[in-house]
Asks: 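Next up is a structure, given as C-alpha coordinates.
We name chains A, B, ... by the order of the sequence lines, and we start the count at 1 in each one.
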Amino acid sequence: NAGVMQNPRHLVRRRGQEARLRCSPMKGHSHVYWYRQLPEEGLKFMVYLQKENIIDESGMPKERFSAEFPKEGPSILRIQQVVRGDSAAYFCASSPREGRTDTQYFGPGTRLTVL
Amino acid sequence: GENVEQHPSTLSVQEGDSAVIKCTYSDSASNYFPWYKQELGKRPQLIIDIRSNVGEKKDQRIAVTLNKTAKHFSLHITETQPEDSAVYFCAASSWEYGNKLVFGAGTILRVKS
(Lines give C-alpha, C1' and ligand atoms only; values in the text may rest on other atoms or scores of the structure.)
Protein backbone atom coordinates (compact mmCIF):
# COMPACT_ATOMS: atom_id res chain seq x y z
CA ASN A 1 0.00 0.00 0.00
CA ALA A 2 2.43 2.62 -1.21
CA GLY A 3 1.58 6.15 -0.20
CA VAL A 4 2.65 9.35 -1.90
CA MET A 5 6.36 9.15 -2.72
CA GLN A 6 8.72 12.07 -2.97
CA ASN A 7 12.39 12.20 -3.80
CA PRO A 8 14.90 13.25 -2.95
CA ARG A 9 14.05 13.66 0.74
CA HIS A 10 16.84 16.17 1.20
CA LEU A 11 18.41 18.33 -1.48
CA VAL A 12 21.27 20.77 -1.12
CA ARG A 13 21.95 23.29 -3.86
CA ARG A 14 24.19 26.32 -4.24
CA ARG A 15 22.74 29.62 -5.29
CA GLY A 16 22.14 29.69 -9.04
CA GLN A 17 21.76 25.93 -9.47
CA GLU A 18 18.60 24.11 -10.45
CA ALA A 19 16.48 21.96 -8.15
CA ARG A 20 14.21 19.17 -9.38
CA LEU A 21 11.72 17.66 -6.97
CA ARG A 22 9.76 14.55 -7.85
CA CYS A 23 6.40 13.30 -6.64
CA SER A 24 4.68 10.01 -7.38
CA PRO A 25 1.01 10.05 -6.32
CA MET A 26 -0.77 7.19 -4.62
CA LYS A 27 -1.92 4.41 -6.92
CA GLY A 28 -5.17 5.39 -8.60
CA HIS A 29 -4.72 9.09 -7.87
CA SER A 30 -4.59 11.43 -10.84
CA HIS A 31 -4.52 14.79 -9.06
CA VAL A 32 -1.34 16.28 -7.61
CA TYR A 33 -0.93 19.40 -5.50
CA TRP A 34 2.35 21.03 -4.47
CA TYR A 35 2.70 23.03 -1.24
CA ARG A 36 5.64 24.91 0.24
CA GLN A 37 6.38 25.21 3.93
CA LEU A 38 8.90 27.86 4.92
CA PRO A 39 10.76 27.31 8.21
CA GLU A 40 8.35 27.52 11.17
CA GLU A 41 5.45 28.55 8.94
CA GLY A 42 2.31 26.98 7.55
CA LEU A 43 1.77 25.33 4.20
CA LYS A 44 1.10 27.46 1.14
CA PHE A 45 -0.49 26.16 -2.05
CA MET A 46 1.68 26.39 -5.16
CA VAL A 47 0.16 24.43 -8.03
CA TYR A 48 -2.49 21.85 -8.90
CA LEU A 49 -1.94 19.42 -11.77
CA GLN A 50 -3.65 16.55 -13.47
CA LYS A 51 -1.97 14.30 -16.00
CA GLU A 52 -0.52 16.54 -18.76
CA ASN A 53 -2.45 19.57 -17.48
CA ILE A 54 -1.77 22.45 -15.12
CA ILE A 55 -5.13 23.25 -13.57
CA ASP A 56 -4.22 26.03 -11.13
CA GLU A 57 -0.81 27.66 -10.74
CA SER A 58 -1.99 30.70 -8.83
CA GLY A 59 0.41 30.01 -5.96
CA MET A 60 3.55 29.65 -8.07
CA PRO A 61 6.12 32.46 -8.07
CA LYS A 62 6.08 34.15 -11.46
CA GLU A 63 9.69 33.39 -12.29
CA ARG A 64 12.05 30.43 -11.92
CA PHE A 65 9.37 27.94 -10.82
CA SER A 66 7.63 25.45 -13.08
CA ALA A 67 5.75 22.19 -12.67
CA GLU A 68 4.65 19.32 -14.84
CA PHE A 69 2.83 16.02 -14.53
CA PRO A 70 3.52 14.01 -17.68
CA LYS A 71 1.47 11.14 -19.00
CA GLU A 72 4.10 8.72 -17.73
CA GLY A 73 6.24 9.22 -14.66
CA PRO A 74 6.17 11.43 -11.59
CA SER A 75 5.18 15.05 -11.23
CA ILE A 76 8.19 17.39 -11.26
CA LEU A 77 8.58 20.73 -9.50
CA ARG A 78 11.51 22.58 -11.00
CA ILE A 79 13.21 25.59 -9.49
CA GLN A 80 15.77 27.35 -11.66
CA GLN A 81 18.56 29.57 -10.36
CA VAL A 82 17.75 28.87 -6.72
CA VAL A 83 18.18 31.57 -4.10
CA ARG A 84 18.47 31.27 -0.31
CA GLY A 85 14.80 32.23 0.09
CA ASP A 86 13.82 29.02 -1.74
CA SER A 87 15.04 26.97 1.24
CA ALA A 88 11.92 25.24 2.51
CA ALA A 89 10.11 21.92 2.71
CA TYR A 90 8.17 21.12 -0.44
CA PHE A 91 5.28 18.73 -0.03
CA CYS A 92 3.14 17.17 -2.68
CA ALA A 93 -0.28 15.69 -2.04
CA SER A 94 -2.50 13.53 -4.20
CA SER A 95 -6.22 12.91 -4.38
CA PRO A 96 -8.25 10.43 -6.37
CA ARG A 97 -11.34 11.92 -7.84
CA GLU A 98 -12.35 14.60 -10.25
CA GLY A 99 -15.09 17.16 -9.88
CA ARG A 100 -15.63 16.98 -6.14
CA THR A 101 -13.89 17.94 -2.98
CA ASP A 102 -11.74 15.13 -1.72
CA THR A 103 -9.09 14.14 0.73
CA GLN A 104 -5.47 14.95 -0.01
CA TYR A 105 -2.71 12.65 1.18
CA PHE A 106 0.71 14.13 1.69
CA GLY A 107 4.10 12.78 0.78
CA PRO A 108 7.10 12.94 3.15
CA GLY A 109 8.37 16.14 1.58
CA THR A 110 11.64 17.31 0.06
CA ARG A 111 13.71 19.58 2.26
CA LEU A 112 15.61 21.98 0.04
CA THR A 113 18.59 23.83 1.45
CA VAL A 114 20.21 26.54 -0.65
CA LEU A 115 23.74 27.43 0.38
CA GLY B 1 -9.77 34.19 -2.24
CA GLU B 2 -10.14 32.12 0.88
CA ASN B 3 -8.46 33.14 4.13
CA VAL B 4 -8.20 30.85 7.16
CA GLU B 5 -7.33 32.09 10.63
CA GLN B 6 -6.34 29.73 13.41
CA HIS B 7 -6.15 30.25 17.19
CA PRO B 8 -4.35 29.87 19.48
CA SER B 9 -0.86 29.77 18.01
CA THR B 10 0.40 27.77 21.01
CA LEU B 11 -1.50 25.70 23.52
CA SER B 12 -0.16 23.92 26.61
CA VAL B 13 -2.35 21.46 28.47
CA GLN B 14 -1.85 18.94 31.21
CA GLU B 15 -2.01 15.30 30.24
CA GLY B 16 -5.59 14.11 30.46
CA ASP B 17 -7.10 17.54 29.87
CA SER B 18 -8.93 18.59 26.72
CA ALA B 19 -7.55 20.80 23.97
CA VAL B 20 -9.58 22.98 21.61
CA ILE B 21 -8.27 24.70 18.49
CA LYS B 22 -10.45 27.10 16.52
CA CYS B 23 -10.42 28.24 12.90
CA THR B 24 -12.44 30.73 10.92
CA TYR B 25 -12.75 30.95 7.16
CA SER B 26 -13.88 33.74 4.89
CA ASP B 27 -15.36 32.16 1.76
CA SER B 28 -18.84 30.67 2.04
CA ALA B 29 -18.05 28.49 -1.01
CA SER B 30 -15.64 26.40 1.08
CA ASN B 31 -17.17 23.02 1.76
CA TYR B 32 -14.37 20.74 2.99
CA PHE B 33 -12.44 21.23 6.24
CA PRO B 34 -9.61 18.84 7.12
CA TRP B 35 -7.30 18.88 10.13
CA TYR B 36 -3.70 17.78 9.85
CA LYS B 37 -1.18 16.87 12.53
CA GLN B 38 2.48 17.48 11.79
CA GLU B 39 5.32 16.24 13.96
CA LEU B 40 8.74 17.80 13.67
CA GLY B 41 10.34 16.97 10.32
CA LYS B 42 7.43 14.81 9.22
CA ARG B 43 4.62 15.04 6.69
CA PRO B 44 1.21 16.51 7.55
CA GLN B 45 -1.09 13.64 8.49
CA LEU B 46 -4.84 13.87 8.15
CA ILE B 47 -6.47 13.22 11.50
CA ILE B 48 -10.08 14.15 10.81
CA ASP B 49 -12.13 16.04 8.25
CA ILE B 50 -15.65 17.37 7.89
CA ARG B 51 -17.78 18.36 4.96
CA SER B 52 -20.23 21.23 4.92
CA ASN B 53 -23.32 19.03 5.04
CA VAL B 54 -22.33 17.79 8.50
CA GLY B 55 -22.19 19.73 11.78
CA GLU B 56 -20.06 17.40 13.86
CA LYS B 57 -17.85 14.37 13.44
CA LYS B 58 -16.08 12.25 16.02
CA ASP B 59 -13.32 9.67 15.89
CA GLN B 60 -12.35 8.28 19.29
CA ARG B 61 -10.68 11.14 21.22
CA ILE B 62 -10.89 13.58 18.34
CA ALA B 63 -13.92 15.57 17.22
CA VAL B 64 -14.55 18.41 14.83
CA THR B 65 -17.49 20.81 14.81
CA LEU B 66 -18.55 23.11 11.99
CA ASN B 67 -20.72 26.22 12.15
CA LYS B 68 -21.40 27.25 8.55
CA THR B 69 -23.36 30.33 9.51
CA ALA B 70 -20.52 31.74 11.58
CA LYS B 71 -17.89 30.28 9.23
CA HIS B 72 -15.88 28.61 11.94
CA PHE B 73 -14.83 25.10 12.81
CA SER B 74 -13.03 23.62 15.79
CA LEU B 75 -10.90 20.62 16.70
CA HIS B 76 -11.47 19.00 20.07
CA ILE B 77 -9.03 16.51 21.57
CA THR B 78 -10.08 14.84 24.80
CA GLU B 79 -7.92 12.95 27.31
CA THR B 80 -4.76 14.37 25.80
CA GLN B 81 -1.59 12.29 25.84
CA PRO B 82 2.06 13.32 25.41
CA GLU B 83 2.06 11.81 21.90
CA ASP B 84 -0.60 14.36 20.91
CA SER B 85 2.13 17.01 21.11
CA ALA B 86 2.62 18.35 17.57
CA VAL B 87 1.63 21.21 15.28
CA TYR B 88 -1.99 21.10 14.15
CA PHE B 89 -3.20 22.78 10.97
CA CYS B 90 -6.74 23.44 9.90
CA ALA B 91 -7.56 23.97 6.23
CA ALA B 92 -10.46 24.81 3.96
CA SER B 93 -11.14 24.04 0.33
CA SER B 94 -13.88 24.07 -2.26
CA TRP B 95 -14.50 22.43 -5.60
CA GLU B 96 -15.00 25.92 -7.00
CA TYR B 97 -11.31 26.67 -6.37
CA GLY B 98 -10.01 23.32 -7.55
CA ASN B 99 -9.91 21.78 -4.09
CA LYS B 100 -6.66 23.50 -3.21
CA LEU B 101 -6.20 23.60 0.55
CA VAL B 102 -5.87 26.97 2.26
CA PHE B 103 -4.19 26.37 5.61
CA GLY B 104 -4.30 28.16 8.90
CA ALA B 105 -1.01 29.23 10.45
CA GLY B 106 -0.90 26.26 12.81
CA THR B 107 -1.17 25.59 16.54
CA ILE B 108 1.71 24.16 18.56
CA LEU B 109 0.15 21.82 21.09
CA ARG B 110 2.23 20.76 24.09
CA VAL B 111 0.87 18.10 26.39
CA LYS B 112 2.68 18.11 29.73
CA SER B 113 2.93 14.88 31.65
Asks: Do N99(B) and S95(A) come within less than 4.5 Å of each other through their side chains, counting heavy atoms only?
Replies: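 The answer is no, as the side chains (C-beta and beyond) never meet within the 4.5 Å cut-off.
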Asks: Is there a path of hydrophobic side-chain contacts, each under 4.5 Å between heavy atoms of I, L, V, M, F, W or Y residues, that connects L11(B) with L75(B)?
Replies: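 L11(B) and L75(B): one cluster.
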Asks: Identify which part of L43(A) has an atom lying under 4.5 Å from any heavy atom of chain B, answering side chain, backbone, both or neither.
Replies: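 Interface part for L43(A): both.
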Asks: Under the side-chain contact (heavy atoms from CB on, under 4.5 Å) rule, what do Y33(A) and L101(B) come out as? Steps first, then yes or no, please.
Replies: CA-CA 9 Å; Y33(A) 301 79; L101(B) 293 171; over 6 Å; no
Asks: Over all heavy atoms of both residues, which pair between R111(A) and G41(B) is shortest? Give the atoms and the distance, please.
Replies: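 Reported closest heavy-atom pair: NH2-O, 2.9 Å.
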Asks: Crowded around E63(A) CD? As in, over 12 foreign heavy atoms under 6.0 Å?
Replies: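 No, not enclosed.
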Asks: Using only atom types and a distance under 3.5 Å, with no angle test, would you say the side chain of Y36(B) pairs donor to acceptor with the backbone of F106(A)?
Replies: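 Pair absent, no side-chain N/O of Y36(B) close to backbone of F106(A).
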Asks: Crowded around M5(A) CE? As in, over 12 foreign heavy atoms under 6.0 Å?
Replies: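 Open.
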Asks: At a heavy-atom separation under 4.5 Å, does E41(A) approach chain B through its side chain, its backbone, both, or neither?
Replies: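 For E41(A), backbone heavy atoms alone lie under 4.5 Å from chain B.
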Asks: Please check if the number of heavy atoms outside E79(B) that lie under 6.0 Å from its CD is greater than 12.
Replies: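 At most 12 heavy atoms, drawn from other residues, nucleotides or ligands, come within 6.0 Å of this atom.
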Asks: Of all the heavy-atom pairs spanning R51(B) and T103(A), show the shortest one and how long it is.
Replies: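 Scanning both residues, the minimum pair turns out to be NH2-OG1, 3.9 Å.
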Asks: Could you look at Q6(B) and say if it's the side chain, the backbone, both or neither that has a heavy atom under 4.5 Å from chain A?
Replies: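 For Q6(B), there is no contact with chain A at all, as no heavy atom is under 4.5 Å.
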Asks: Is any side-chain heavy atom of F103(B) closer than 4.5 Å to one of Q37(A)?
Replies: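 Contact flag for Q37(A)/F103(B) side chains = no.
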Asks: Using a cut-off of 6.0 Å, state whether more than 12 heavy atoms not belonging to R61(B) lie near its atom CZ.
Replies: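 Atom CZ in R61(B) is packed in, count exceeds 12.
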Asks: Report which part of P44(B) has an atom under 4.5 Å of a heavy atom belonging to chain A: side chain, backbone, both, or neither.
Replies: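 For P44(B), heavy atoms of backbone and side chain both lie under 4.5 Å from chain A.
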Asks: Grab the two heavy atoms, one from F91(A) and one from R43(B), that are nearest each other, plus how far apart they are.
Replies: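 Result for this residue pair: CE2-CA, 3.7 Å.
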Asks: Report yes if the side chains of K100(B) and S58(A) come closer than 4.5 Å at any heavy-atom pair, otherwise no.
Replies: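 Of all side-chain heavy-atom pairs linking S58(A) with K100(B), at least one is under 4.5 Å.
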Asks: With a 6.0 Å cut-off (strictly less than), is the heavy-atom count around CD of Q17(A), excluding the residue itself, greater than 12?
Replies: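 Yes, enclosed.
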